[in-house]
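Please read all numbers here as calculations on a predicted model, not as lab measurements. Indexing begins at 1, ligand by ligand and atom by atom, following the structure's order.
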Amino acid sequence: MPLLEDNKVVMELRWDPILREWVMVSNVREKRPWHPRSFCPFCPGSPEMGYGWRIKIVENRYPMLTENPPEIDKHWFYLKEKAYGKCLVVVETPSHNLDDLSDLGVEDIRLVIEKVIELFKKYRDENWCKYFLWFRNKGEEIGVSLKHPHSQIYILPFIPAKIGRELESSRQYFKEKNECLFCKIISVEEKDNVRIVYRTKHWLAFIPYYAHWPFEVHIYPLRHLQYIDQLNPDEISELASTLKIVLAGLKNILEKPMPYMMILHQAPVDKDYPYYHLHIEIYGVYRPSGKMKYAAGMEMGGGNFTYDSLPEENAKRLRTMITQKILSRS
Ligand code: ZN
Ligand code: ZN
Ligand code: FE
């Protein structure tokens with residue numbers, strides 16, 4: 001039998017036995033049609049999008065994962081699994097020309113968060129669901145081709161590799177010290193008080209001591225919790241305003257808007273992880289000079305980042321921008 005039949009749709013998870021992590025493999029995405037530059041699939045009016053919405057969740061039309069994955073044949077050595085899951089797009093506003101999430105009103109950002117929570121509740125009990133990853137890519141520099149403000153949700157049948165590492169270190173720390181590693185980091189950042197960029201009653205935003213990306217901001221709820229559906233209405237509203245302010249700070253700190261990735265880190269849903277602490281990570285990828293920081297040979301090949309300024313200096317820049325410009329404006 002030939003190893004690869006013509007036109008065969010392959011969608012599967014391949015296990016990297018060396019790095020011990022899953023790779024999502026699909027040849028469906030290659031068949032993605034090219035639209036003229038003026039066409040926007042997320043604008044109101046198409047049959048799929050309709051009219052009269054403020055936020056709309058649609059299925060990714062070329063997903064890596066699906067609720068009905070194709071059958072897989074076994075490999076004689078390597079491990080693979082069916083690509084169970086779901087890839088969704090959160091169209092955050094009907095307005096095509098808004099640049100960023102921070103350009104939405106606080107109330108609209110709150111609605112986006114609530115929509116994500118609603119989806120999390122809907123899928124967390126699916127038998128194939130192990131992890132719910134909400135993330136946002138912003139900026140052409142990091143490969144975003146569709147300008148219409150949107151974020152994405154991957155509902156995964158496995159625990160993402162990075163989350164796995166965070167779980168392992170926080171589990172170890174809790175075992176040794178009987179306290180949450182993340183709560184500890186919050187208190188250390190409070191005490192050092194040089195990397196904080198913004199704080200509210202319920203949230204703390206800072207560039208961590210160990211930041212990888214030039215403007216890497218982590219946002220933590222002060223309350224120790226694991227899942228986004230544990231946030232109370234007050235915490236949700238404050239998260240909306242915190243995101244608006246921090247992202248507006250990143251947008252305005254340099255001459256051009258900062259490209260970034262934003263990811264919600266919460267605990268997996270397959271069992272309880274009481275030692276984990278939900279947070280949001282934002283990776284602002286421009287250096288203070290406005291030049292792009294790439295993850296290249298050292299970072300991707302070696303696995304360790306180089307940081308060629310100081311987190312403390314960049315935190316001061318961002319804090320100053322937020323307190324002197326962003327807050328006085330709103
Ligand atoms: Zn649009
Ligand atoms: Zn904690
Ligand atoms: Fe994290």
Results of side chain to side chain contact (heavy atoms under 4.5 Å, CB included) for Ala295 - residues two or more places apart only: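 Expected list: Trp213, Glu299, Met300, Phe305.
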Heteroatom test (N, O or S) for His265 near the Fe ion (ligand 3), limit 2.8 Å: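 Checking the Fe ion (ligand 3) against His265, an N, O or S atom does fall under 2.8 Å.
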Please say whether more than 12 non-hydrogen atoms of neighbouring residues, nucleotides or ligands are located less than 6.0 Å from [atom1] in [X].
{"X": "Arg223", "atom1": "CZ", "result": "yes"}
{"X": "Lys316", "atom1": "NZ", "result": "no"}
{"X": "Lys184", "atom1": "NZ", "result": "no"}

Nearest to the Zn ion (ligand 1) - the N/O/S atom of His96, by atom name: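 The Zn ion (ligand 1) is closest to the His96 atom ND1, counting only N, O or S.
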The Zn ion (ligand 1) to His148: nearest N/O/S atom name: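 For His148, the N/O/S atom sitting closest to the Zn ion (ligand 1) is ND1.
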Parallel, tilted or perpendicular, as decided by the 30° and 60° cut-offs, for the rings of His218 and His279: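 Rings of His279 and His218: parallel, as their planes differ by under 30°.
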Verify same cluster id: Val91, Tyr154 (apolar side-chain graph, 4.5 Å):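 No, Val91 and Tyr154 fall in different hydrophobic clusters.
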Lys NZ or Arg CZ of Lys86 over Tyr123 ring: under 6.0 Å, within 45°: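 Judged by the rule, Lys86 and Tyr123 form no cation-pi pair.
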Distance under 6.0 Å and angle within 45° of ring axis: Arg124 vs Tyr227: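 Judged by the rule (NZ or CZ under 6.0 Å from the ring centre, within 45° of its axis), Arg124 counts as positioned above Tyr227.
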Between Phe120 and Phe132, ring centroids under 6.0 Å: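 Between Phe120 and Phe132, the centre distance is under 6.0 Å.
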Heteroatom of Glu166 nearest to the Fe ion (ligand 3) (N, O or S, atom name):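 Output for this pair reads OE2.
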Angular separation of SG (Cys43) and SG (Cys40) seen from the Zn ion (ligand 1), to 10°: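 The SG/SG angle about the Zn ion (ligand 1) sits at 120°.
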Degrees at the Fe ion (ligand 3) between the NE2 atom of His279 and the OE2 atom of Glu281, nearest 10°: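 The two atoms form an angle at the metal of about 100°.
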Count of N, O or S atoms belonging to protein, less than 2.8 Å from the Zn ion (ligand 2):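 Considering protein N, O and S only, the Zn ion (ligand 2) has 4 within range.
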